[in-house]
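Order of appearance sets the numbers: ligands from 1, and atoms from 1 within every ligand. Reckoned from all heavy atoms, side chains included, excluding hydrogens, waters and symmetry mates.
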Amino acid sequence: MSKNNKPNPLWGGHFSSGPAEIMEKINASIDFDKKMYAQDIKGSVAHCQMLAKVGILTESEAEQITNGLQEIQQEMAAGDFEFSTELEDIHMNIESRLKEKIGDVAGKLHTGRSRNDQVATDFKLWVRDAIDYIDDDLRELQAVLLQRAEEYYDVVMPGFTHLQTAQPVTFGHHVMAYVEMVGRDRGRLQDARKRLNQCPLGAAALAGTSFPIDRHKTAESLGFDMPTANSLDTVSDRDFAIEFVSSLSVLAVHLSRLAEEIVLWVSDGFKFVTLSNAFTTGSSIMPQKRNPDAAELVRSKTGRINGSLITLLTVMKGLPLAYSKDMQEDKEPVFDAAENILLCIRATAGMVGDMTVNKDAMKERAMGGFSTATDIADWCVQNLGIPFRQCHAITGKIVRLAEEKNCRLDELSLEDMQSVEAGITKDIYRVLSVENSVASRISYGGTAPENVKQQIVAARKEYL
Ligand code: ARG
């Protein structure tokens, strides 16, 4: 059964033969954890330097190891490294190469640590880097949204509830809603980053180590705030990965909502915006088509990102302390979610920046659907002193009248209005235009163009 009869050179001491072929296959993680080579080397350099500082390694040993590691880093960066499945994972591939380069002294690097704290450190460093570059992209996305919001701060469109015309809003206000969502997404990632930022290195296999290591030193040199407090928790904790992907899931849900709106807006039923060739595809059979594929893909990638979260949660569920090999299955969902969310963020920023806004179609639709009905009710409250509930009923009758006459509310005559409520005067026509309707929504956070302008200034200050 066994493929090769050599026991593993790094841990094969009490093994008399090697693994079965299928064992090697199921066991190896090198195909995906090689993504963490830079983090692995960074962690090893920090560990090595700490070992020298506390006197476990001599300065010369530490120098040989550090130089060797740096050479390996260059080989890997240049794509010149031959990864071996036999050597299972990134940690053993690097250590084994180090031995080829500098001989037996390489074996001293693993003093006072284990692959269990090593992998937790690498993975945290990887997730921390990912949070940082995703945050940069999210800031970019907010910048594009803000720019479009500023351009269209007073362009009137229908606001919907239940996807039924509700009240007029401005397109700028609508776009700003996504600036807020992305702001919370960035906040969630930063929260995760803060909690993540404790260093696992030195927890060793599970119980700590008898070597006089200085965990504060390695924590500091790797940019962590402090070492983790409990070695058992340290090697079995993947909360940071779960929190990261759960933040990405919420973010993906937000992006999928915007993507869905874009799909609606470019459709024949709406025609609110147009996407250029850069963000659409044609049809191989229907020459007139311009399909919003990028938006549809952003919408659908939410599925795999949410799937990654479920994978992680399910892998971790019910694992006894401390490390189990199950935890090797934590990486691919994280890598996949990070890679795909970046595509989604960039495609979304691209589409938002690219789209041409059809103001006339938006305004036309905003004027339909009796969108200023609430304004009639509010006018009656303010001018006739009638309680809102009654004004709601009065307005309902006026809307029914307009429906019967198949006209808009502002096309009803004053006599028509007065037939429902005698107190109504021609002043009511003031509130029936969609421009006046949005301009009147001056409550904090409301859709009035003046408010939107202020929101844009405040958001620029907060986020950019
Ligand atoms: N490749 C392993 C992982 O990704 C590294 C840790 C292995 N530890 C062990 N005790 N087998 O989780």
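Near Ser29, with a cut-off below 4.0 Å to any heavy atom, the atoms of ligand 1 are 1 (N). Counting atoms of ligand 1 from 1 in the listed order, those under 4.0 Å from a heavy atom of Lys331 are 3 (C), 4 (O), 12 (O). Close approach to Gln328 involves these atoms of ligand 1, each under 4.0 Å from a residue heavy atom: 1 (N), 2 (C), 3 (C), 4 (O), 12 (O). Atoms of ligand 1 lying under 4.0 Å from at least one heavy atom of Asp89, given by number and element, are 1 (N), 2 (C), 5 (C).
Side-chain contact of His174 with Glu261: a donor-acceptor pair under 3.5 Å is present, judged by distance alone. Side-chain N/O atoms of Arg188 and Ser246 include no donor and acceptor closer than 3.5 Å. In this model, no donor atom of one side chain and acceptor atom of the other lie less than 3.5 Å apart for Arg441 and Thr447.
Under the 30°/60° scheme for interplanar angles, the aromatic rings of Phe83 and Phe81 are found to be tilted.
For atom 8 (N) of ligand 1, the closest heavy atom belonging to the protein is Asn116 OD1, 2.8 Å. Of all protein heavy atoms, the one lying nearest to atom 11 (N) of ligand 1 is Arg115 NH2, 3.5 Å.
Test Lys101, Glu95, Lys99 against Arg97 for side chain to side chain contact (heavy atoms under 4.5 Å, CB included) and you get one pass: Lys101.
Counting only distance, with no hydrogens or angles, the side chain of Asn451 and the backbone of Ile442 share a donor-acceptor pair below 3.5 Å.
At a 3.5 angstrom cut-off on N or O pairs, Tyr323 counts as close to ligand 1.
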